[in-house]
Structures are given as structure tokens and as C-alpha cells.
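Only a predicted model underlies this, so the values are computations on that prediction, with no experimental measurement involved. Note that these values count all heavy atoms, side chains included, but never hydrogens, waters or copies made by symmetry.
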Amino acid sequence: MLPTKLNGLQKIPEPIVDSVIECVKNTFESISGERPDFVEGDKDGSPMNGIIGTIAVFNTEHTLSIMIAIPKHTALAFSEVFCGMELPFDSDDMGDLVGEISNILAGDVAASIEHVGFVGQSSLPTATRGSDLTLFLPNKPPKARLKFAGSGGEFWINLALSESRRHK
């Protein structure tokens with residue numbers, strides 16, 4: 001169970017991070033038929049050229065923001081296995097694909113983290129495409145950066161846990 005106020009919480013609780021790692025592996029295995037590897041100890045925060053899917057799992061007390069950062073070559077590989085053909089990277093369809101992947105992952109995360117007392121629902125996904133993208137997270141909320149790799153390429157999941165409302 002999460003405390004109502006996150007003051008002093010330095011890290012996202014390990015059961016939540018572990019659940020997200022397992023959900024990422026399951027979701028991408030169901031999409032590609034291959035279970036991606038979790039890469040521990042990634043410290044590379046260099047900019048990337050690619051696309052980012054953003055979605056949140058939230059309730060009245062907490063919000064778990066999920067950002068999926070996918071380099072261009074990985075997004076093209078995902079489009080081939082998800083759609084059966086390579087989508088043009090600059091197309092609206094690629095944005096729809098990353099939004100759909102974000103939605104599938106958030107649904108799995110929402111169901112999975114209920115066992116640690118975080119009962120929530122997911123928001124609508126958004127996708128952002130660009131070059132030299134750097135993901136910044138606020139300093140204050142607990143956060144995690146998770147790297148995954150598979151035959152289609154690498155990708156990252158960034159998490160931030162925050163309070164959903166202001167407490168007096």
C-alpha cells in the first residue's frame with residue numbers, strides 16, 4: 001500500500017517497478033512473439049531520434065506516469081511485427097501504433113499493480129515524434145528508467161510516481 005503523501009519517498013516501491021518490468025516483457029512478447037530482456041544498470045540518458053508514447057495509470061491519490069521511448073529503428077521493427085508491414089515512420093499510423101502499444105501496456109500495468117494496493121485506471125495515450133529527444137522527469141517525484149532490448153532493438157520505459165491531488 002502506498003502512503004497518501006509521497007514526501008520523503010525517494011524511489012518508486014520495488015513491487016511496482018517489478019510489476020512494470022514483468023508487464024513490459026509480457027506486453028512486448030504478446031506483440032512480437034519474443035520476450036525482451038530487461039537491461040539493468042542503464043545510465044545512458046543521451047538524446048534519441050524516435051517516438052515516445054505517454055500514458056498514466058491514476059487514482060484519486062496517485063499517478064504513475066509511463067513514457068515509452070522507442071528509437072526510430074525499433075519503432076519500424078515493432079510496426080512490422082504488430083501490423084505485418086513496416087509503417088512509414090513519419091506517418092500518423094506510427095503515432096497510432098505507439099499510442100496503442102502504450103494503451104495495451106498501461107492496461108496490463110493497471111491490472112498488475114492492484115496487488116500492491118494501487119487500484120487505478122489508465123488515461124488516454126499520446127505520442128510524440130522527434131529528433132534529439134531527451135526525456136526529462138521532474139526531480140521531486142520518485143522515478144525509474146528501465147531499458148529493454150530484443151531482436152527488434154532497444155527501448156526505454158520511464159516511470160514517475162506523483163500525488164494526484166494537492167494535500168492541505
Side-chain angles (χ1 to χ4, degrees), residues 1-46 48 50-71 74-75 77-78 81-82 95 97-128 133-164:
M1 188 77 157
L2 289 172
T4 302
K5 292 189 175 191
L6 299 178
N7 293 347
L9 190 62
Q10 301 298 315
K11 296 176 15 181
I12 296 175
E14 198 168 309
I16 292 177
V17 174
D18 290 344
S19 290
V20 171
I21 291 170
E22 192 61 26
C23 289
V24 170
K25 290 178 176 180
N26 292 338
T27 297
F28 284 87
E29 181 179 31
S30 71
I31 292 170
S32 70
E34 178 190 337
R35 197 168 174 84
D37 295 321
F38 171 61
V39 180
E40 291 189 55
D42 177 56
K43 301 289 183 204
D44 182 17
S46 60
M48 67 157 210
I51 191 164
I52 298 170
T54 305
I55 196 163
V57 176
F58 66 97
N59 60 29
T60 57
E61 295 182 345
H62 301 103
T63 299
L64 179 65
S65 299
I66 304 169
M67 290 172 274
I68 306 170
I70 307 172
T74 305
F78 285 162
V81 295
F82 195 85
L97 171 65
V98 172
E100 186 57 31
I101 290 172
S102 301
N103 201 30
I104 293 168
L105 177 61
D108 197 16
V109 168
S112 179
I113 62 175
E114 284 186 7
H115 77 277
V116 295
F118 188 129
V119 178
Q121 63 184 30
S122 58
S123 68
L124 293 174
T126 60
T128 304
L133 293 170
T134 301
L135 296 178
F136 293 100
L137 292 171
N139 288 331
K140 191 173 180 182
K143 57 189 174 278
R145 178 180 163 94
L146 311 170
K147 181 179 182 180
F148 295 86
S151 64
E154 59 192 7
F155 62 96
W156 291 263
I157 304 292
N158 287 357
L159 304 171
L161 182 63
S162 61
E163 295 173 12
S164 293

Considering all heavy atoms, the nearest Phe38-Lys147 contact: CD1-O, 3.4 Å
Beyond-backbone contact of Leu161 with Leu159, side-chain heavy atoms, under 4.5 angstrom: no
Leu105 side chain near Cys23 side chain, heavy-atom distance below 4.5 Å: yes
Minimum heavy-atom distance Gly120-Ala110, with the two atoms named: O-CB, 4.0 Å
Pairwise distance CD1(Ile16) to NZ(Lys11) - rounded to 0.5 angstrom: 12.5 Å
Expected output: side-chain Glu34 to main-chain Gly150 donor-acceptor under 3.5 Å: no
Side chain to side chain contact (heavy atoms under 4.5 Å, CB included) involving Glu22 - partner list, sequence neighbours excluded: Lys25, Asn26, Arg35
Ser112 (side chain) donor-acceptor with Asp108 (main chain) under 3.5 angstrom: no
Stepwise side chain to side chain donor-acceptor pair (under 3.5 Å) test for Ser164 and Thr63: CA-CA 5 Å; Ser164 293; Thr63 299; 2.8 Å; yes
Ile70 backbone acceptor or donor facing Thr74 side chain under 3.5 Å: no
Closest contact, heavy atoms only, Leu64 versus Ile113: CD2-CD1, 4.2 Å
Non-hydrogen side-chain atoms of Ile157 and Phe148 separated by less than 4.5 Å: yes
Heavy atoms of other groups near Leu9 CG, more than 12 under 6.0 Å: yes
Nearest atoms (heavy-atom pairs only) where Glu154 meets Pro71: O-CD, 3.1 Å
Thr54 and Ser102: CA distance, side-chain angles, deciding distance, side chain to side chain contact (heavy atoms under 4.5 Å, CB included) verdict: CA-CA 7 Å; Thr54 305; Ser102 301; over 6 Å; no
Thr27 backbone acceptor or donor facing Ser30 side chain under 3.5 Å: yes
Main-chain N/O of Glu61 paired to Asn59 side chain as donor or acceptor, under 3.5 Å: yes
4.5 Å side-chain heavy-atom contact, Ile51 and Phe78: no
Whether Ser123 side chain and Ala56 backbone form a donor-acceptor pair below 3.5 Å: yes
Leu146 vs Val17, side chain to side chain contact (heavy atoms under 4.5 Å, CB included): CA-CA, chis, key distance, verdict: CA-CA 9 Å; Leu146 311 170; Val17 174; 4.0 Å; yes
Phe155 side chain reached by Ile101 side chain, heavy atoms, under 4.5 Å: no
Atom pair CD/CD1 of Glu100 and Ile31 - distance to nearest 0.5 Å: 8.5 Å
Minimum heavy-atom distance Pro15-Val116, with the two atoms named: CB-CG1, 3.3 Å
Criterion side chain to side chain contact (heavy atoms under 4.5 Å, CB included) against Ile66, the qualifying member of Val20, Asn158, Val109: Val109
Contact summary for Ile52 and Leu133, nearest pair of heavy atoms: CD1-CD1, 3.9 Å
